[in-house]
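Residues take their numbers from the sequence shown, with the count starting at 1.
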Amino acid sequence: MIEARRLHILRAVADHRTVTAAAAALYLTPSAVSQQLTALEQETGHRLVERGAKGVRLTPAGEILLSHTNAVLAQLERAEAELAAYSSGAAGTVTVASFATGIALVVAPAVARLAATAPGIHLRVQDAEGDASLPMVLDRQVDVAVAVEYRGAPPADDPRLAHVPLYAEPFDAVVPVSHRLADADEVPLAELAKDPWIGPYPGNPCHDVVVLACEHAGFQPRLEHSSDDFRAVVALASADAGVALVPRSALIGMDLAGVVVRPVDGVAPTRRVFAAVRRGAEEHPLIRPVLDALRAVAEGQGTWGLEQIPDVG
């Protein structure tokens, strides 16, 4: 008989590629993870993992078991959801991880909405970038992630996760008021090829959006300054330190003295935001209202118009 908790450990090892990282994510010791993997191999009668200098990889038998693991764990999530619904689980805590702008734009309003529509549900919010929040969901550290699509992110049909699209927003060009394109109605990215750039660090999903947009325009941005805080990015642009692409919602309410914000000429780079939960948990009576509240708030935001951004400069 295969124990479900050992399947959780197998998936964590497959996701994190090392026993040490999987142990940290599961709040276990590496020796405990190794012991559980050994026990799982004894239960199945197959060698499931191979250890090497670069970490751990699954054997062909391990890959077969992993494909069933995703289905089994999703079904267990559904069982928990149905049992909770049977016992009318209308009260409890749901933990949500989101990047900062997502918190301001949809998570915080969802907290207020739930206070009126589902007062028994308490949201606990954690600030985490999209590339961190999705592993947190898979490792059962949080229940819901509000994340951004990025290179290497689990796709929408990932068997481990259920995706709920929330919104998409363009990136706008932010240039100093003294910039040669400050008077342009729209900014062609190719015209910024020789400028110094300000942007998020590699690993931040927005970094990928900026780099890909510039690559499509025919150049690699020369990133002179790096910050994951868009207030710092705008402050550096206002100091004439370079140019930037910033998500439109991140500019709302920001001090834009010293910069000009303009749409990108042509197809604007876009970040797509979604909520994700462990597959099978989307109908849990505590999680379903949270997903519905997030989607309702996102739909209520309407279109992303430049009129939301003050024209400073």
Side-chain angles (χ1 to χ4, degrees), residues 96-109 125-134 136 145-151 153 167-182 184 187 189 191-215 217 219-264 268-273 301 304 306-313:
V96 180
S98 173
F99 58 101
T101 308
I103 291 174
L105 198 65
V106 293
V107 178
V125 181
Q126 298 183 22
D127 189 338
E129 291 297 336
D131 56 336
S133 63
L134 294 177
M136 291 168 72
V146 175
V148 178
E149 290 182 3
Y150 61 94
R151 284 188 289 191
Y167 64 91
E169 64 172 317
F171 281 59
D172 288 318
V174 178
V175 301
V177 292
S178 60
H179 195 273
R180 63 188 180 281
L181 296 177
V187 173
L189 283 186
E191 297 294 322
L192 302 177
K194 295 183 179 180
D195 285 87
W197 279 74
I198 312 156
Y201 284 101
N204 185 314
C206 289
H207 174 88
D208 287 346
V209 175
V210 172
V211 171
L212 283 172
C214 293
E215 288 176 353
F219 69 98
Q220 286 281 342
R222 179 164 54 91
L223 284 165
E224 293 269 333
H225 311 283
S226 297
S227 175
D228 289 335
D229 186 334
F230 286 115
R231 289 170 298 184
V233 170
V234 171
L236 286 166
S238 69
D240 207 14
V243 300
L245 288 174
V246 177
R248 187 166 292 175
S249 66
L251 295 167
I252 297 173
M254 192 181 295
D255 180 6
L256 299 176
V259 298
V260 171
V261 178
R262 294 288 183 265
V264 172
T270 302
R271 71 171 174 182
R272 292 172 173 81
V273 179
Q301 295 290 345
W304 299 98
L306 191 65
E307 65 274 4
Q308 298 183 66
I309 309 299
D311 187 3
V312 178

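Contact of the Glu129 side chain with the Pro205 side chain is registered, since non-hydrogen atoms from C-beta on lie closer than 4.5 Å. Counting only heavy atoms from C-beta outward, the side chains of Ile103 and Val125 approach each other to under 4.5 Å. Side-chain contact between Val106 and Val273: absent, with no pair of heavy atoms (C-beta onward) separated by less than 4.5 Å. Looking only at side-chain heavy atoms (C-beta outward), Val264 and Pro269 come within less than 4.5 Å of each other. The shortest side-chain heavy-atom distance between Arg271 and Glu149 does not fall under the 4.5 Å cut-off. For the pair Ile198/Val174, no side-chain contact is recorded, criterion being any heavy-atom separation below 4.5 Å from C-beta on.
Residues Ala182 and Val177 come closest through the heavy atom pair CB-O, 3.5 Å. The shortest non-hydrogen separation linking Phe230 to Leu245 is CE2-O, 4.3 Å. Taking all atoms of both residues into account, the shortest heavy-atom contact from Gly102 to Tyr167 is CA-OH, 4.1 Å. Nearest heavy atoms, Leu189 versus Phe219: O-CE2, 3.2 Å. For Ser249 against Glu169, the heavy-atom pair with the smallest separation is N-OE1, 2.7 Å. Shortest non-hydrogen contact noted between Thr270 and Ala168 is CG2-CB, 3.8 Å.
The CG atom of Asp208 sits 9.5 Å away from atom CD of Glu215, with the distance rounded to the nearest 0.5 Å. Within the model, atoms SG of Cys214 and CH2 of Trp197 stand 3.5 Å from one another, a figure rounded to the nearest 0.5 Å. The line from CG of Leu223 to OH of Tyr201 is 11.0 Å long, rounded to the nearest 0.5 Å.
For the pair His207 (side chain) and Pro200 (backbone), a donor-acceptor distance under 3.5 Å is present.
Annotation: side chain to side chain donor-acceptor pair (under 3.5 Å) contacts involving residues 230-245, sequence neighbours excluded, comprise Asp229-Arg231.
For Arg222, the side-chain hydrogen bond (donor to acceptor under 3.5 Å, both in side chains) test picks out Glu224, with sequence neighbours left out. With sequence neighbours excluded, the residues that form a side-chain contact (heavy atoms from CB on, under 4.5 Å) with Ala100 are Asp127. Residues passing the side-chain contact (heavy atoms from CB on, under 4.5 Å) test with Val175 are His179, Val243, Val260, sequence neighbours excluded. When the side-chain hydrogen bond (donor to acceptor under 3.5 Å, both in side chains) test is applied to Asp228, the partners found at least two apart in sequence or on another chain are Asn204. For the side-chain contact (heavy atoms from CB on, under 4.5 Å) test, residues two or more places apart in sequence or in another chain that qualify with Pro109 are Val297.
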Would you check, one step at a time, whether the test side-chain contact (heavy atoms from CB on, under 4.5 Å) holds for Leu181 with Glu191?
CA-CA 9 Å; Leu181 296 177; Glu191 297 294 322; 3.7 Å; yes

